[in-house]
2 protein chains.
Amino acid sequence: EKAPVTGIAVNTEEAKITIRQLPDQPGVAAKLFGKIAEQGINVDIIVQNIGAEKATDVSFTVNRSQTEKAASTAKAIAGELGAGSVETDAKVAKVSAVGIGMRASSGTAARFFATLAEAGINVQMISTSEIRISVIIDEGQANDAVTVLHRAFGLDTESEKDPTS
Amino acid sequence: EKAPVTGIAVNTEEAKITIRQLPDQPGVAAKLFGKIAEQGINVDIIVQNIGAEKATDVSFTVNRSQTEKAASTAKAIAGELGAGSVETDAKVAKVSAVGIGMRASSGTAARFFATLAEAGINVQMISTSEIRISVIIDEGQANDAVTVLHRAFGLDTESEKDPTS
Ligand SMILES: C[C@@H](O)[C@H](N)C(=O)O
Ligand SMILES: C[C@@H](O)[C@H](N)C(=O)O
């Protein structure tokens with residue numbers, strides 16, 4: 001049986017910016033990420049869940065070296081768009097399970113989350129695709145996360161350094 | 001210059017389940033997706049943003065044929081975990097821009113969102129990776145989204161049907 005997960009990737013150089021309560025209408029994400037691109041800020045992941053009552057939160061991660069720039073850009077945009085507060089966390093890491101055809105196996109996601117839970121690691125954010133399950137966790141728990149995930153998926157203990165780092 | 005986006009994928013057979021206000025502590029995602037896997041429900045994407053005040057929302061999409069099963073499973077779990085309400089929307093579509101090395105180009109995300117905005121399409125959810133920008137939108141706007149995105153990224157008007165459909 002083909003292994004659903006072929007590697008664990010980690011990026012411990014991330015910072016997360018969250019803009020709370022952006023107006024949930026066309027053009028808002030465009031303005032935000034347009035401004036961010038103008039500022040030469042490289043965005044890694046973007047996560048937005050569906051909002052309630054016409055507003056929603058948007059988070060994105062950047063390389064930690066760009067934390068200040070990203071935070072101030074986000075604050076400027078939040079002001080212009082009538083959003084709520086901006087939160088910054090420079091102590092996060094992104095950990096991912098990578099594989100082909102993981103989608104059909106919701107058991108893979110279940111195992112991924114159960115593995116982190118057993119290690120006492122809180123999952124702050126989740127973003128998945130067919131070939132990748134990514135979570136944002138506390139940077140201090142990144143090493144533990146990589147270790148337990150390798151063990152859970154029967155992988156070599158060489159963690160694959162995320163090319164985004 | 002290499003084209004950052006090489007294809008537009010669409011899945012118009014999706015339904016979205018959102019569980020509001022899950023307790024934000026280790027083990028919650030594990031229980032939820034463990035139960036979902038047990039029920040044989042195939043999950044496409046999972047999105048969770050960082051919560052406020054010890055709770056957060058988790059959304060996931062499934063094939064529309066599994067809407068009822070996914071919704072009732074989510075409600076059962078929400079009850080057990082002390083979460084808030086469960087929302088179901090069977091009228092969504094997932095639209096994605098796919099490419100290699102998009103991450104370095106936050107201009108790609110900006111163009112993607114601006115293109116949808118100009119067509120009056122509201123972005124309900126966002127989930128990205130280095131090689132894919134995915135959004136959940138109203139199913140009724142999926143055709144427009146695919147058309148305007150092909151045009152914006154200079155692509156053939158043959159949309160690549162998402163293998164998850
Ligand atoms: C919040 C933001 O994503 C908004 N819904 C938009 O379409 O731009
Ligand atoms: C909400 C859920 O993701 C929780 N934080 C967990 O770690 O399981």
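Not measured: the values here are computed from a predicted model. Every chain is numbered from 1, with letters handed out A, B, ... down the list of sequences.
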Cluster question for you: counting only ILVMFWY and a side-chain heavy-atom cut-off of under 4.5 Å, with indirect links fine, are [X] and [Y] together?
X	Y	result
A/F33	B/L149	yes
A/I136	B/L22	no
B/V86	B/V92	no
A/I17	A/V43	yes
B/I126	B/V95	yes

Test side chain to side chain contact (heavy atoms under 4.5 Å, CB included) on B/I131 and A/I131 and set out the steps.
-> CA-CA 10 Å; B/I131 61 170; A/I131 60 169; 3.6 Å; yes
Name the region of [X], side chain, backbone, both or neither, that has any atom closer than 4.5 Å to a heavy atom of chain A.
X	result
B/K16	side chain
B/I41	backbone
B/A52	both
B/R111	neither

Just wondering, more than 12 heavy atoms not from A/K69 lying within 6.0 Å of its NZ?
-> yes
A/Q39, CD atom: more than 12 neighbouring heavy atoms under 6.0 Å | yes
Rounded at 0.5 Å granularity, tell me how far [atom1] in [X] sits from [atom2] in [Y].
X	Y	atom1	atom2	answer
B/R132	A/R132	CZ	CZ	13.5 Å
B/I46	A/I133	CD1	CD1	6.5 Å
B/L32	A/F113	CG	CZ	8.5 Å
B/N122	A/K54	CG	NZ	11.5 Å

Please report the closest heavy-atom contact between [X] and [Y], naming both atoms and the distance.
X	Y	value
B/M125	A/I50	CG-N, 3.6 Å
A/V47	B/V47	CG1-CG1, 3.7 Å
A/Q48	B/Q124	NE2-O, 3.0 Å

Select, from A/G40, A/A29, A/A119, A/A114, the one with the greatest count of heavy-atom pairs under 4.5 Å involving chain B.
-> A/A29
In terms of heavy-atom pairs under 4.5 Å with chain A, the winner among B/D24, B/I45, B/T18, B/I36 is B/D24
Ranked by heavy-atom pairs below 4.5 Å to chain A, first place among B/G34, B/A117, B/G27, B/P26 goes to B/P26
A/D57 side chain to B/N49 main-chain N or O, any donor-acceptor pair under 3.5 Å?
-> no
Among residues 76-83 of chain A, those lying within the under-4.5 Å heavy-atom range of chain B are none
